[in-house]
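Here the structure is laid out as structure tokens; the discussion comes afterwards.
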Protein chains: 2
Amino acid sequence: MILMDDPKQHLLNVAGQKFAEKGFDATNVREITEAAGMNVASVNYHFGSKEELYLETVRHAARMCEQITPMPTWEEGVPAEQRLREYIRSFLTRLLREDVPTWHRKLIMREVAEPRPGGCEVFVHSFVKPSFELLQGILRDLTPPGTPLETLHLIGSSIVGQVLHYHHARNVLKLLFSAEEFQRLQIDRLTDHIWRFSLGAIRSLCPRKSKGEGR
Amino acid sequence: MILMDDPKQHLLNVAGQKFAEKGFDATNVREITEAAGMNVASVNYHFGSKEELYLETVRHAARMCEQITPMPTWEEGVPAEQRLREYIRSFLTRLLREDVPTWHRKLIMREVAEPRPGGCEVFVHSFVKPSFELLQGILRDLTPPGTPLETLHLIGSSIVGQVLHYHHARNVLKLLFSAEEFQRLQIDRLTDHIWRFSLGAIRSLCPRKSKGEGR
DNA sequence: CTTGCATTCAAACAAATGTTTGATACGATA
DNA sequence: TATCGTATCAAACATTTGTTTGAATGCAAG
């Protein structure tokens, strides 16, 4: 039998995997409990209902996602260009790294794409918003002082959109590109491309700031 | 009663709306047939099964999506910059326009994000691939002759990612931005931003081509 | 009218699914 | 040992859900 020092935690983990794989509706409690080696009734005993179990997995995933790959922080004086690069890398790492339980981010992306009442709003405010505001701070330093907030939001969306594309469209990209080319789309390469693409775009959109060095 | 000259077509339309809204698993046939004002058995009579009805709605949506907002074509001599702009606008229009049955694109995006056996592959090859190759052609004209294919693919993904972001993240953007700002994110504004952002990025990534005019 | 065919319908069916129940086992405490 | 609270289990329950059935209906051709 698997290690089961905390059966409730074990059940949560198995359920998280299943929900991330197939979604809430397509996963039934018997499938979960069988995979966990536990009884059907354990779901309702430990969590009250399937719905509540699901919400618990989402909350757990959000906590873990933040904990395992925390958003980067910098001390005073790190140039905005470098911060942007590390932000992109950190974001991509959250989405694409394979060495860590993969169900956390899958579940979260699923929840973001199709929010379930009670699952998404709290997550957006506790996780997405701080991350997006961190990016806004970087962009403020990369653009002239008077740049309107809406422009910053548009630029931010362009960057985030590029990153997320490699998660959302992974099935399609696999069909569009050759197997070898798809294989090559690793974090390093994508970070480099998105960073250079976005930095070039920003510099072209906004008149250069005085302080930065030419590249 | 609603116009029902072709009951099978009517059923397909209602089913498409429901599937696009809530997905395959979360939609049951009674919900569909009641909304269509028809009997439960009509699904199996006309389509054989719920599964086959679903696949039919996906195929129908793909056909309609292409028909209503066809990919733009240009005669010889139209500058690549302008073609890129019209490509982006056409893409955004497919995703965001409100004046046309909205379920087609919703269903397709859902199918792309989470392919169901037999529904996605054919769609990618008949719809996504030609669209992506059209973009590749534009990008070839915007970059120096020797630019590697992989670079073109990365740039293309960056552009497509930006566009799709406003579909995928619509729920999150609604929470991140103020209601008024979200309202302002219309096709015109987004086209302009993504076009200028991407064009600036391309020009910065690749040494300028000789032929284009400065902007 | 009658025959034949396509369609619609209410009802029933069988399987799946979330949940509840009541019994049982276990472990700590007195 | 007796008692209490926790946890697990097989079984049952009540719904939901996709599908089938067989009768009824409408309509066009013979």
Side-chain angles (χ1 to χ4, degrees), chain A residues 1-60 103 107 110-111 114-119, chain B residues 1-60 103 107 110-111 114-119:
Chain A
M1 190 73 62
I2 332 162
L3 78 161
M4 220 186 291
D5 48 338
D6 187 348
K8 184 169 173 178
Q9 200 62 31
H10 177 62
L11 189 58
L12 190 80
N13 268 298
V14 176
Q17 275 175 264
K18 294 290 180 182
F19 285 141
E21 250 175 62
K22 317 170 48 179
F24 180 82
D25 290 305
T27 309
N28 60 42
V29 294
R30 280 173 178 82
E31 189 182 342
I32 295 171
T33 52
E34 275 168 29
M38 302 171 72
N39 190 274
V40 209
S42 54
V43 166
N44 297 274
Y45 178 76
H46 287 290
F47 294 94
S49 70
K50 178 190 176 187
E51 178 83 27
E52 194 53 43
L53 168 61
Y54 175 79
L55 292 178
E56 212 54 59
T57 61
V58 173
R59 297 188 197 109
H60 179 73
W103 68 264
L107 185 61
R110 189 184 282 279
E111 182 59 30
E114 191 162 5
R116 173 165 294 274
Chain B
M1 190 73 62
I2 332 162
L3 79 162
M4 218 187 289
D5 47 339
D6 187 349
K8 185 169 173 179
Q9 201 62 30
H10 177 62
L11 189 58
L12 190 81
N13 267 299
V14 175
Q17 273 174 265
K18 294 292 179 182
F19 285 142
E21 252 175 60
K22 318 171 45 178
F24 180 81
D25 290 306
T27 308
N28 60 42
V29 295
R30 281 174 177 81
E31 189 182 340
I32 294 171
T33 51
E34 274 168 29
M38 302 171 72
N39 190 275
V40 209
S42 54
V43 165
N44 297 274
Y45 177 76
H46 287 290
F47 294 93
S49 70
K50 178 191 175 186
E51 179 83 26
E52 194 53 43
L53 168 60
Y54 175 79
L55 292 178
E56 212 53 59
T57 61
V58 173
R59 297 188 197 110
H60 179 72
W103 69 264
L107 185 62
R110 187 184 286 277
E111 182 60 29
E114 191 163 4
R116 174 165 292 274

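Below, chain A is the first sequence line, B the second, and so on; all start at residue 1. Owing to the predicted nature of the structure, the values given are computational and were not obtained by experimental measurement. Atom set for the values below is all heavy atoms of this structure, side chains included, hydrogens, waters and symmetry mates excluded.
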Sorted by first residue and then second, give each side chain to side chain donor-acceptor pair (under 3.5 Å) pair with at least one member in residues 33-49 of chain B; sequence neighbours left out. none
Between Phe19(A) and Phe24(A), how do the two ring planes meet: parallel, tilted or perpendicular, split at 30° and 60°?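 It falls in the parallel class, under 30°.
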To check you understand the geometry: which heavy-atom pair defines the closest contact between Gly16(A) and Thr57(A), and what is its length?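 Closest pair (atom of Gly16(A), atom of Thr57(A), distance): N-CG2, 3.8 Å.
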Where do Lys18(A) and Ala35(A) come nearest, in terms of heavy atoms and distance? CE-CB, 3.9 Å
Spacing of [X] atom [atom1] and [Y] atom [atom2] [to the nearest 0.5 Å]:
X         : Y         : atom1 : atom2 : value
Arg110(B) : Glu114(A) : CZ    : CD    : 4.0 Å
Met38(B)  : Lys8(B)   : CE    : NZ    : 11.0 Å
Lys22(A)  : Thr27(A)  : NZ    : OG1   : 5.5 Å

Output the rounded distance in Å from [atom1] ([X]) to [atom2] ([N]).
X        : N       : atom1 : atom2 : answer
Lys18(B) : dG18(D) : NZ    : P     : 14 Å
Tyr54(A) : dG18(C) : OH    : C1'   : 17 Å
Met38(A) : dG18(C) : CE    : P     : 17 Å
Glu34(A) : dA16(C) : CD    : P     : 12 Å
Leu11(B) : dC9(C)  : CG    : P     : 12 Å

Distances for protein N or O near nucleotides 12-15 of chain D N or O, under 3.5 Å:
none

For [X], give me all partners under side chain to side chain contact (heavy atoms under 4.5 Å, CB included), at least two apart in sequence or on another chain.
X        : value
Glu56(A) : Leu12(A), Phe47(A), Glu52(A), Arg59(A)
Ala20(A) : Trp103(A), Lys106(A), Leu107(A)
Asn28(A) : Arg30(A), Glu31(A)

Near DNA chain C, which residues from residues 44-51 of chain B have a heavy atom under 4.0 Å away? Tyr45(B), His46(B)
Strictly below 4.0 Å, heavy-atom distances to any atom of DNA chain C: list the hits from residues 22-29 of chain A, or just say none. Thr27(A), Asn28(A), Val29(A)
What's touching nucleotides 22-24 of chain D from the protein side, N or O pairs under 3.5 Å?
none

Residue pairs involving residues 36-51 of chain A (criterion salt bridge (Lys or Arg N to Asp or Glu O under 4.0 Å); sequence neighbours excluded): Glu51(A)-Arg116(A)
Need one value for Val40(A): base, sugar-phosphate or nothing, where a base atom within 4.0 Å counts as base even if backbone is also close, heavy atoms only. base
Looking at Asn39(B), does any N or O in its side chain come under 4.0 Å of the phosphate oxygens OP1/OP2 on dT7(C)? no
Residues forming a side chain to side chain donor-acceptor pair (under 3.5 Å) with Gln17(B), sequence neighbours excluded: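 None.
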